[in-house]
Trainee: 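Please find one structure pasted underneath; my questions will follow.
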Amino acid sequence: MSNLCSRIVSKPPKRLQDNRDSMSVAQTNTWMNAENINNGGGISLSPPHTVSQRETATQVSQCYSGPPSPCGSSSSASSPTVSPAPPPGTATLDPNWQATKPTVRERNAAMFNNQLMADITFIVGSPGHTQIIPAHKYVLATGSSVFYAMFYGGLAECKPEIEVPDVEPSAFLTLLKYLYCDEIQLEADTVLSTLYVAKKYFVPHLARACVNYLETSLTAKNACLLLSQSRFFEEPELMQRCWEVIDAQAEIALTSEGFVDIDVSTLESVLARETLNSKEINLFEAALAWAQAECVRREIETTPANKRAMLGSAIYLIRFPTMTLEEFANSAAQLGILTPQETIDIFLHFTAANKPQLSYPIKQRAGLKAQICHRFQSCAYRSNQWRYRGRCDSIQFCVDKRIFVVGFGLYGSSNGAADYNVKIELKRLGRVLAENNTKFFSDGSSNTFHVYFENPIQIEPECFYTASAILDGSELSYFGQEGLSEVYMGTVTFQFHCSSESTNGTGVQGGQIPELIYYGPTMNTSLPNPNASDD
């Protein structure tokens, strides 16, 4: 996020799998969202209470130095640049405490969660899990138009206490921490509830910081649940980032724990997605898992009839006719989800010349189109090179936009047809992100031959990655020359650097690994009608 000045707090998040550090963020540029203020109670939103506490980096607890909250964990965070705040109230025990705090920010921060001079009290949290939080109307009103309307507007609150049952105490304290201290501290466990309270009280800088945190935390394992929440919060940029990950790594996203917790509208949008890179049988199994979880949530028996009822019209988005006959016969046809007539009609679609009309789409999903980055301008061969004796060909690269690497293009034999065994690998900072042992057949031409990883690997912008290949086969092969250190692919720019791991001569100017195969940003195009016939 541009103009977002942040400093890192040393406490790591509890659930986020990439172990990203917590953030402390200073005030950001203006960000607006047109929402209406209701009668002094904040912006009209429903709390994200239907989302399960899962390992998807989307649920909430606190990162502040106040007393523990029953609605969230309460460990405090330390920072290498900012001393931990004392417990609430202790900063003003000294009768001359003002003299010890030379700046307005420090004096204001001393009032955070402090009863001294407090003129309003919030009772925050669901019944039985509330926390009493003192505050000062002036501070709140200067940071939020909702608080201003609540305390000084035409419908101003006159009560000394205000109940806020739809907000977690930890998230409310994060909001107050920002308003009092100009400081944002986010964790994987707290970020969604903080986003909710920032939207409720219309504090756009805090909301934008939460969205930025979610975008940088995005993985295939939490993308579906974050998609559901981004739709709820009407955050189109986050939605688009989620779709990029789900499209490219659909099979990982569909089997994630959080998938069964998405709402039915998000389920329908996933099942209708034309660009998913997934077998239809995997989509069917994911939909069944969601239906079973929905039965459990509604406390009804998980029978085939009830599962179908939970899916409702979403079942007609599953493209049963695009499965293989074996997949359909061994799975969907035997589970009782389809009616007997539907099952017969789909079998006839597979086998009969005169195919019946179906209620299900018959077109394969288009999926994502792989793109190829060529880093050499020509190739050559010589009688004494390129040889393979178990040595590694390696190149470093970085990109300016998020992509998903699918595999590599490699040169083959320059001495007639030959088979190759190859180990391909992708690393970042010495850590192996993916590897695959595979084979390819070279026909003796100067063409490249593609080898793939089992799943696409997410590549973050402005980070260096190392692509490696160890070939075993014909000793002599083609090799690239006239290498480019920078390649512009229309929407993505690649930069290449020599790798210290390359022991077989590959570098920027020449060698192996001439191509990186990837999914990346493309221009939107109109998609064909999935119900149209092939004829």
Side-chain angles (χ1 to χ4, degrees), residues 46-54 56 58 221-232 239 242-243 246 250-274 276 278-350 355-365 529-531:
S46 298
H49 61 280
T50 58
V51 181
S52 299
Q53 300 277 357
R54 291 198 176 273
T56 55
T58 58
K221 292 185 178 180
N222 64 23
C224 289
L225 199 53
L226 282 182
L227 174 65
S228 180
Q229 291 300 298
S230 64
R231 287 161 59 92
F232 171 78
M239 286 174 58
C242 291
W243 279 126
I246 294 168
E251 295 192 358
I252 299 174
L254 293 171
T255 56
S256 64
E257 280 190 67
F259 181 81
V260 299
D261 292 322
I262 64 178
D263 60 279
V264 68
S265 176
T266 302
L267 173 70
E268 290 174 349
S269 68
V270 171
L271 295 179
R273 189 78 172 171
E274 182 71 21
L276 288 178
S278 174
K279 292 182 178 180
E280 204 65 27
I281 186 67
N282 294 333
L283 274 166
F284 173 62
E285 290 171 352
L288 278 187
W290 181 91
Q292 177 159 328
E294 187 67 8
C295 288
V296 173
R297 283 190 286 269
R298 299 193 186 193
E299 299 181 346
I300 61 177
E301 190 177 355
T302 58
T303 63
N306 285 340
K307 290 179 185 178
R308 171 140 187 175
M310 296 302 99
L311 288 171
S313 61
I315 195 171
Y316 296 107
L317 299 171
I318 301 173
R319 307 184 185 191
F320 293 103
T322 68
M323 297 179 184
T324 66
L325 177 58
E326 183 179 5
E327 287 172 342
F328 179 75
N330 291 330
S331 179
Q334 298 189 38
L335 295 178
I337 299 297
L338 300 173
T339 67
Q341 188 60 52
E342 287 174 330
T343 304
I344 292 170
D345 287 347
I346 294 174
F347 270 124
L348 288 174
H349 176 84
F350 281 118
K355 302 181 187 299
Q357 185 70 32
L358 299 178
S359 301
Y360 299 93
I362 62 175
K363 278 276 193 181
Q364 291 275 1
R365 297 177 194 270
N529 180 359
N531 290 295

Trainee: Going by the salt bridge (charged side-chain N to carboxylate O under 4.0 Å, His left out) test, which pairs reach into residues 322-333, not counting sequence neighbours?
Mentor: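 As it turns out, there is no salt bridge (charged side-chain N to carboxylate O under 4.0 Å, His left out) pair with a partner in residues 322-333 once direct neighbours are skipped.
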
Trainee: Quick one: are Ile300 and Met310 in side-chain contact, heavy atoms under 4.5 Å?
Mentor: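 Yes, side chains in contact.
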
Trainee: Who pairs with Phe347 by side-chain contact (heavy atoms from CB on, under 4.5 Å), at least two apart in sequence or on another chain?
Mentor: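 By the side-chain contact (heavy atoms from CB on, under 4.5 Å) rule, Phe347 matches Leu325, Phe328, Ala329, Ala333, Thr343.
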
Trainee: Taking the side chain as C-beta and beyond, is there a heavy-atom pair between Leu267 and Phe259 under 4.5 Å?
Mentor: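 Yes, their side chains come closer than 4.5 Å.
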
Trainee: State, yes or no, whether a side-chain contact exists between Lys355 and Leu348 at a heavy-atom distance under 4.5 Å.
Mentor: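 No; the side chains remain at least 4.5 Å from each other.
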
Trainee: Does the side chain of Ser269 reach to within under 4.5 Å of the side chain of Trp243, using non-hydrogen atoms?
Mentor: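 In contact.
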
Trainee: Should Phe320 and Leu338 count as side-chain neighbours, where that means a heavy-atom distance under 4.5 Å?
Mentor: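 Counting from C-beta outward, Phe320 and Leu338 do come under 4.5 Å.
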
Trainee: If you measure from CE on Met239 to CD on Gln229, what distance do you get to the nearest 0.5 Å?
Mentor: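 These two atoms lie 12.5 Å from each other.
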
Trainee: Check side-chain hydrogen bond (donor to acceptor under 3.5 Å, both in side chains) between Gln341 and all other residues, then give those that pass, not counting sequence neighbours.
Mentor: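 By the side-chain hydrogen bond (donor to acceptor under 3.5 Å, both in side chains) rule, Gln341 matches Asp345.
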
Trainee: How close do Gly336 and Pro304 get, counting heavy atoms only, and between which atoms?
Mentor: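 Here Gly336 and Pro304 meet closest at O-CB, 3.5 Å.
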
Trainee: With sequence neighbours left out, write down each residue that passes side-chain hydrogen bond (donor to acceptor under 3.5 Å, both in side chains) with Arg365, or none if nothing qualifies.
Mentor: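 For Arg365 the side-chain hydrogen bond (donor to acceptor under 3.5 Å, both in side chains) partners, ignoring immediate neighbours, are Glu280.
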
Trainee: For the residue pair Ser256 and Lys221, what are the closest heavy atoms and their distance?
Mentor: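 The answer is CB-O, 3.3 Å.
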
Trainee: Considering all heavy atoms of both residues, which atom of Leu271 and which atom of Ala314 are nearest to each other, and what is their separation?
Mentor: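 Smallest interatomic distance, heavy atoms only, reads CD1-O, 3.6 Å.
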
Trainee: Looking only at heavy atoms, which two atoms of Pro361 and Pro321 are closest? And how far apart?
Mentor: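 So the minimum-distance heavy-atom pair works out to O-CD, 3.4 Å.
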
Trainee: Just to verify, what does Glu299 make a side-chain contact (heavy atoms from CB on, under 4.5 Å) with, not counting sequence neighbours?
Mentor: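 By the side-chain contact (heavy atoms from CB on, under 4.5 Å) rule, Glu299 matches no residue at all.
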
Trainee: Side chains of Val270 and Leu276: does their closest heavy-atom pair fall under 4.5 Å?
Mentor: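 Result yes, sub-4.5 Å side-chain heavy-atom pair found.
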
Trainee: Are any non-hydrogen side-chain atoms of Gln292 and Lys307 less than 4.5 angstrom apart?
Mentor: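 Answer yes - side chains close enough.
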
Trainee: If I take atom SG from residue Cys224 and atom CG from residue Asp261, how far apart are they, to the nearest 0.5 angstrom?
Mentor: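 Reported to 0.5 Å precision, the distance equals 11.0 Å.
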
Trainee: What's the separation between atom CZ in Arg273 and atom OG in Ser278, rounded to the nearest 0.5 Å?
Mentor: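 Between Arg273 CZ and Ser278 OG, I get 13.5 Å after rounding to 0.5 Å.
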
Trainee: Within the structure provided, determine whether Thr322 and Tyr360 are in side-chain contact (heavy-atom separation under 4.5 Å).
Mentor: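 Of all side-chain heavy-atom pairs linking Tyr360 with Thr322, none is under 4.5 Å.
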
Trainee: State which residues pass salt bridge (Lys or Arg N to Asp or Glu O under 4.0 Å) with Arg308; sequence neighbours excluded, sorted by chain then number.
Mentor: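 For Arg308, the residues satisfying salt bridge (Lys or Arg N to Asp or Glu O under 4.0 Å) (neighbours in sequence not counted) are Glu342.
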
Trainee: Mind listing the side-chain donor-acceptor pairs of residues 281-289 below 3.5 Å, one per line with the distance, residues two or more places apart or on another chain?
Mentor:
unit_1, atom_1, unit_2, atom_2, d
Asn282, ND2, Glu251, OE2, 3.0

Trainee: Working to the nearest 0.5 angstrom, can you tell me the gap between Ile262 CD1 and Glu294 CD?
Mentor: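 Output value for this atom pair is 10.5 Å.
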
Trainee: Only counting residues at least two apart or in another chain, list the ones meeting side-chain contact (heavy atoms from CB on, under 4.5 Å) with Asp263.
Mentor: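 With neighbours one apart ignored, the set is Ser228, Ser265, Thr266.
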
Trainee: Quick one: side-chain contact (heavy atoms from CB on, under 4.5 Å) partners of Val296, sequence neighbours excluded?
Mentor: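 Expected list: Thr302.
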
Trainee: Going from CD1 on Ile252 to CD1 on Ile246, what distance comes out if it is rounded to the nearest 0.5 angstrom?
Mentor: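 Spacing of CD1 (Ile252) from CD1 (Ile246) equals 12.0 Å.
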
Trainee: Would you mind listing every ring pair (Phe, Tyr, Trp, His ring centres under 6.0 Å) that reaches into residues 292-314, with sequence neighbours excluded?
Mentor: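 Checked against ring pair (Phe, Tyr, Trp, His ring centres under 6.0 Å) - neighbours excluded - no pair reaches residues 292-314.
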
